[in-house]
Colleague: 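Shown below is the structure under consideration.
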Amino acid sequence: MREKQYWLFKSEPSSYSFLDLLQDRVAEWDGVRNYQARSFMRSDMRMGDEILFYHSEQGNQAIFGTARVVREGYPDFTAWDSASKHFDPKSNPDNPIWFMVDIEVAETFQRPVTLKEIKDVPQLENMGLLRRGNRLSIQPITETEFDVLILLGRGSD
DNA sequence: GCCAACGTTGGC
DNA sequence: GCCAACGTTGGC
């Protein structure tokens, strides 16, 4: 049996925030147009994988809660919708380029765990999130990193 | 607002 | 296949 994997999803809250996810409960994570992130969703994510939900908003960068994968990778149909801002004419239903997953909200943090705070935790120093210039919107994280962060988010400080 | 880092595009 | 130009992300 494959072990559960852990991920960090970045979102710009003006596009889609954790509050939006709380209201929707389940979200189609469409619009990702980066091959590395695409491959994670198409090939690596499995039902029940756990996700940290990070806002990349300037001045308010923080993790707000967690989610889980509730539908594994399937073609991102917004790519062949010419009315979508994520339209990509190179993708089509017979040969889709882009993939997405569905996620469901899991836990709302008692308090956001800020980027500044994450930088101060020695156990988190290897997170991709902290690497300068890392723009990848979906990143794998370790179980330890996930555990440390949910403890912080639950307010045990 | 600035700009470093990165991914993509396109000319050659 | 190389690489310069360009657009975007995202921290500061």
Side-chain angles (χ1 to χ4, degrees), chain A residues 5-24 27-45 49-67 69 72-103 105-142 144-153 157:
Chain A
Q5 293 188 164
Y6 301 85
W7 307 92
L8 181 137
F9 279 32
K10 285 187 205 169
S11 190
E12 179 60 42
S14 60
S15 298
Y16 196 83
S17 69
F18 190 73
L19 187 59
D20 292 327
L21 181 63
L22 270 175
Q23 290 167 350
D24 296 340
E28 297 172 335
W29 209 252
D30 65 329
V32 174
R33 296 293 178 267
N34 169 282
Y35 283 102
Q36 204 176 346
R38 180 283 307 264
S39 297
F40 287 142
M41 292 198 289
R42 183 190 60 185
S43 309
D44 298 328
M45 286 185 199
D49 278 3
E50 300 202 60
I51 296 160
L52 294 171
F53 197 106
Y54 174 81
H55 283 188
S56 56
E57 181 181 42
Q58 292 82 348
N60 199 22
Q61 298 101 321
I63 297 167
F64 283 78
T66 71
V69 175
E72 297 179 4
Y74 61 104
D76 182 345
F77 49 79
T78 66
W80 53 75
D81 173 5
S82 61
S84 169
K85 67 179 174 183
H86 302 299
F87 176 60
D88 181 353
K90 295 192 296 297
S91 189
N92 63 72
D94 293 329
N95 188 20
I97 296 174
W98 305 112
F99 286 72
M100 57 184 177
V101 297
D102 290 356
I103 68 172
V105 70
E107 177 175 343
T108 304
F109 280 0
Q110 294 302 304
R111 60 182 186 84
V113 180
T114 66
L115 179 62
K116 179 186 287 241
E117 185 177 0
I118 293 169
K119 288 179 176 173
D120 287 339
V121 179
Q123 282 172 289
L124 303 178
E125 67 185 0
N126 292 323
M127 288 186 75
L129 183 66
L130 303 184
R131 274 203 300 278
R132 181 172 186 73
N134 191 324
R135 304 183 306 171
L136 192 58
S137 66
I138 293 176
Q139 307 177 7
I141 60 175
T142 69
T144 299
E145 289 162 350
F146 183 85
D147 288 345
V148 167
L149 283 160
I150 58 171
L151 284 177
L152 289 170
D157 43 14

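Please read all numbers here as calculations on a predicted model, not as lab measurements. Below, read A as the first sequence line, B as the second, and so on, with proteins coming before strands; counting in each chain starts at 1.
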Colleague: Round to a whole Å and report the spacing from CD of A/Glu12 to P of C/dG10.
Modeller: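 Atom-to-atom, A/Glu12 to C/dG10, this comes out as 8 Å.
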
Colleague: List the residues meeting side chain to side chain donor-acceptor pair (under 3.5 Å) with A/Asp147, not counting sequence neighbours, and say none if there are none.
Modeller: none

Colleague: ring-ring contact (aromatic ring centres under 6.0 Å, His included) with A/Tyr35: which residues, sequence neighbours excluded?
Modeller: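 With neighbours one apart ignored, the set is A/Trp98.
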
Colleague: Tell me whether the OP1 or OP2 atom of C/dC12 has a side-chain N or O from A/Lys119 closer than 4.0 Å.
Modeller: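 Checking C/dC12 against A/Lys119, a side-chain N or O does come within under 4.0 Å of OP1 or OP2.
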
Colleague: Would you please confirm or rule out a distance under 4.0 Å between OP1 or OP2 of C/dG11 and any side-chain N or O of A/Gln61?
Modeller: yes

Colleague: How would you summarise protein contacts on nucleotides 2-9 of chain B per nucleotide, using B for base, S for sugar-phosphate only and - for none, with heavy-atom distances below 4.0 Å?
Modeller: --SBBSSS

Colleague: Go through the structure and list residues passing ring-ring contact (aromatic ring centres under 6.0 Å, His included) with A/Phe64, not counting sequence neighbours.
Modeller: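 Once residues adjacent in sequence are excluded, the partners of A/Phe64 under the ring-ring contact (aromatic ring centres under 6.0 Å, His included) criterion are A/His55.
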
Colleague: Kindly list each side-chain donor-acceptor pair under 3.5 angstrom involving residues 17-24 of chain A, sequence neighbours excluded, with atom names and distances?
Modeller:
from, atom 1, to, atom 2, distance (Å)
A/Ser17, OG, A/Leu19, N, 3.3
A/Ser17, OG, A/Asp20, N, 3.1
A/Ser17, OG, A/Asp20, OD2, 3.2
A/Asp20, OD2, A/Ser17, N, 2.8
A/Asp24, OD2, A/Tyr16, OH, 2.6

Colleague: Which residues pass the ring-ring contact (aromatic ring centres under 6.0 Å, His included) test with A/Phe109, sequence neighbours left out?
Modeller: none

